[in-house]
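Structure, as structure tokens:
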Amino acid sequence: MNPIRSIKGTHDILPADSQNWQQLEQIVRTVCQRFGYNEIRTPIFEETRLYSRSVGENTDIVSKEMYSWDDKDGKSITLRPELTASVVRSFIQHNLGGQAPVQRLYYMGPLFRRERPQKGRQRQFHQFGVEAFGSENPEQDAEIIAIAWHILLECGLSENATLHLNSIGSPNCRKAYREALKNFIRPNLSLFSETSQKRFETNPLRILDTKADHEQKMLKDAPKVSDCFSDDDMAHFESVQNFLKVMNIPFILNEKLVRGLDYYSRTVFEFTSSALGAQDALLGGGRYDGLVETLGGKATPGIGFAAGMERFLIAMAETEVLSRESKIDVYFVCLDEAGLSTALSLANKLRQAGFNVVSDPLRRSLKAQMRDANKSGAKYALILGETEMETDSIVLKNLEKSEQETVSQKNILEKLRNLTN
RNA sequence: GUGGGUGUAGCUCAAUUGGUUAGAGCACCUGGUUGUGGUCCAGGAGGCUGUGGGUUCAAGUCCCAUCACCCACCCCA
């Protein structure tokens, strides 16, 4: 019988790694709270039409990467391939917009896309992200980007990260630009690749993303989105840039940055990292002023970003940020079967007082238990043997200093408290 | 989805041109006289060589398929 393995593109996060995950999660929570954002948790699966409506029928995500199936009642269900759609759905469903004019939300969790796995890209992967609803002002854009920047700083990634910034204008501008771009390309359309030709009809802006050199050459003199900006679009984009400068957040303007999801408008941005190679997008997002309305809610502006947690951790591995500190305070060594009751009761008392205490369930030799204590990284070992049992005492050993003393069992908690404060 | 590469112990890697019982380091376990860890020494455990076929007297080594991983395309976080 061949052994059962995890599904292609999915990974176990083992104890050796989960500490890093927790550390990243902690940074995200801390920074989001610092900006007054609260966590929202939405279901892992949703109705399929949520994604076709928001992300876009013609995007790669919806057209070929989703895990979808028909539920018993015939409804098409999909494992979430991204999270903004769910957050917006929830925002509308619970009328969050009616409860406060600005909603500041963040999230974390697994997502599913059926892509070819490679480094920094899995079929089940994790993102954290933030969304802010209610303001269309540029200071909101700047705040969202600032959150991303603060998280990158805390993660030690700001040095190797580059912020690419662009505006794709408001919907009217985009519409005009679409036509202008199509008019520019149309004479030479046959020279473009099959995918580009398809995008010419479905999503012409994406053609700007092409990496084919000959296509880039033909696009050299293509009209720019900024040509179609309204005065408001222009002023908005300039304000965003000014606010970023005021906060000392470095960025470069990148007119080719279009982003693959349909719902974006105006500000779009992406942080890339030199630590990642081909899949170098660490974090990406933008404004989506029309999305709430598209999904049936009251017109509400919104902006947010999503970040790849696996990619963060890959990049963070090269930094000094991830710690390997032991979480064990005390390793409890018990030498004699007769002492087990005392050991359990004492260890329990220490745990109730907040100490992290590990004990050996194998009744191993003192040597083996001490070796294990050392490996656990515990700062202290408590040793309970025959001699100690006779005198209601216990040996307290400082494993770093290699010093030990005998303490009465009654006073051990107090003693440890004093030592660790 | 398309190319290319790689699969030997938990990890990193060995194994002449196909030729005995597939090795090493790290990690793990147990010891090194009575109750003390890290270093050192000794011993032990751990592999159907990713899986399934084929060629051969003989396959870790050659061929095919399949699966997984890596790189690029693609896409995105």
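Below, read A as the first sequence line, B as the second, and so on, with proteins coming before strands; counting in each chain starts at 1. Keep in mind that the numbers below use all heavy atoms, side chains included, and drop hydrogens, waters and symmetry copies.
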B:C29 versus B:C48 - spacing of their C1' atoms, nearest Å:
25 Å

Step-by-step salt bridge (Lys or Arg N to Asp or Glu O under 4.0 Å) determination, A:Lys410 to A:Asp392
CA-CA 8 Å; A:Lys410 222 186 298 170; A:Asp392 289 332; over 6 Å; no

Nearest whole Å is fine: how far is B:C67 P from A:Arg123 CZ?
11 Å

In short, ring pair (Phe, Tyr, Trp, His ring centres under 6.0 Å) pairs touching residues 306-330 of chain A with sequence neighbours left out are A:Phe128-A:Phe312

Between B:C29, B:U36, B:C69, which nucleotide gets closest to the side-chain atoms of A:Ile383?
B:U36

Holding to side chain to side chain contact (heavy atoms under 4.5 Å, CB included), I want the full list of residues that pass it with A:Val358, two or more places apart in sequence or in another chain.
A:Ile328, A:Tyr331

Considering every strand and a 4.0 Å limit on heavy-atom distances, what is the contact class for A:Gly129: base, sugar-phosphate, or nothing?
nothing

By the salt bridge (Lys or Arg N to Asp or Glu O under 4.0 Å) test, which pairs, at least two apart or in different chains, include something from residues 314-339 of chain A?
A:Glu337-A:Arg363

Using the P atom as the point on both nucleotides, what is the distance between B:A45 and B:G10, in whole Å?
15 Å

Here the residues of residues 5-15 of chain A within 4.0 Å heavy-atom distance, strictly under, of RNA chain B are A:Arg5, A:Lys8, A:Gly9

When all nucleic acid strands are considered with a 4.0 Å heavy-atom cut-off, which category describes A:Glu388: base, sugar-phosphate, or nothing?
base

Quick one: the side chain of A:Ser402 and the base of B:G38, do they pair up donor-acceptor inside 3.5 Å?
yes

Backbone N or O of A:Ser273 within a donor-acceptor pair of the A:Asn160 side chain at under 3.5 Å?
no

Between B:C73 and B:A58, how far is it from one C1' atom to the other, in whole Å?
43 Å

With sequence neighbours excluded, give me every salt bridge (Lys or Arg N to Asp or Glu O under 4.0 Å) pair touching residues 398-409 of chain A.
A:Glu405-A:Lys415

Flag, side chain of A:Arg287 to backbone of A:Thr267, donor-acceptor distance under 3.5 Å
no

Given B:C76, B:C69, B:U36, the nucleotide with the shortest approach to the side chain of A:Pro117:
B:C69

Any salt bridge (Lys or Arg N to Asp or Glu O under 4.0 Å) involving residues 29-56 of chain A? Give me the pairs, sequence neighbours left out, ordered by first then second residue.
A:Arg29-A:Glu39, A:Arg34-A:Glu154, A:Glu39-A:Arg41, A:Glu46-A:Arg89, A:Glu47-A:Arg49, A:Glu47-A:Lys75

Over how many whole Å does the gap from A:Arg121 atom CZ to B:C70 atom P extend?
11 Å

Using the C1' atom as the point on both nucleotides, what is the distance between B:U56 and B:C13, in whole Å?
29 Å

CD1 of A:Ile144 versus C1' of B:A77: gap in Å, rounded?
16 Å

What interatomic distance, in whole Å, is found between P of B:A72 and the corresponding atom of B:U16?
31 Å

Give A:Gln369 one of three labels, base, sugar-phosphate or nothing, depending on what nucleic acid heavy atoms sit under 4.0 Å from its own.
nothing

Are the side chain of A:Ser18 and the backbone N or O of A:Pro15 linked by a donor-acceptor pair below 3.5 Å?
yes

For B:A68 and B:G38, measure between their P atoms and round to the nearest Å.
43 Å

Does A:Lys397 reach a base, just sugar-phosphate, or nothing at all? Heavy atoms under 4.0 Å.
base

With sequence neighbours excluded, give me every salt bridge (Lys or Arg N to Asp or Glu O under 4.0 Å) pair touching residues 109-118 of chain A.
A:Glu115-A:Arg121

Hey, does A:Lys367 reach any base, or is it just sugar-phosphate, or nothing, if we go heavy atoms under 4.0 Å?
base

What's A:Glu65 touching, base or sugar-phosphate or nothing? Going by heavy atoms closer than 4.0 Å.
sugar-phosphate

Base, sugar-phosphate or nothing for A:Ala368? Non-hydrogen atoms, less than 4.0 Å.
sugar-phosphate

Stems with RNA chain B, 3 or more Watson-Crick or G-U pairs in a row (under 3.5 Å), are B:1-7 with B:67-73, B:10-13 with B:23-26, B:28-32 with B:40-44, B:50-54 with B:62-66

Can you tell me the distance, in whole Å, between the CD atom of A:Glu405 and the P atom of B:U36?
19 Å

Protein-nucleotide distance (A:Arg199, atom CZ; B:C76, atom P), rounded to Å:
7 Å

With the threshold set at 4.0 Å, does a side-chain nitrogen-carboxylate oxygen contact exist between A:Asp372 and A:Arg364?
yes

Could you tell me how far apart A:Phe128 (CZ) and B:C76 (P) are, to the nearest whole angstrom?
20 Å

Counterpart residues, side chain to side chain contact (heavy atoms under 4.5 Å, CB included), relative to A:Thr319 (two or more places apart)
A:Leu157, A:Met316, A:Val321

With sequence neighbours excluded, tell me which residues meet side chain to side chain contact (heavy atoms under 4.5 Å, CB included) with A:Ala353.
A:Phe355, A:Leu413, A:Arg417

Could you state the atom-to-atom distance from CZ of A:Arg113 to P of B:C75 in whole Å?
13 Å

Using atom P in both nucleotides, what's the gap between B:A27 and B:C41 to the nearest angstrom?
12 Å

Suppose you measure atom P in B:U61 against the same atom in B:G7; what distance do you get, rounded to whole Å?
11 Å

Starting at CD1 of A:Ile61 and ending at C1' of B:A77, how long is that distance when rounded to a whole Å?
9 Å

Numerically ordered, the residues 282-291 of chain A set in heavy-atom contact under 4.0 Å with RNA chain B is A:Leu282, A:Leu283, A:Gly284

Could you list by number each residue of residues 305-319 of chain A showing a heavy-atom separation from RNA chain B of less than 4.0 Å, or answer none if no residue does?
A:Ala306, A:Gly308, A:Arg311

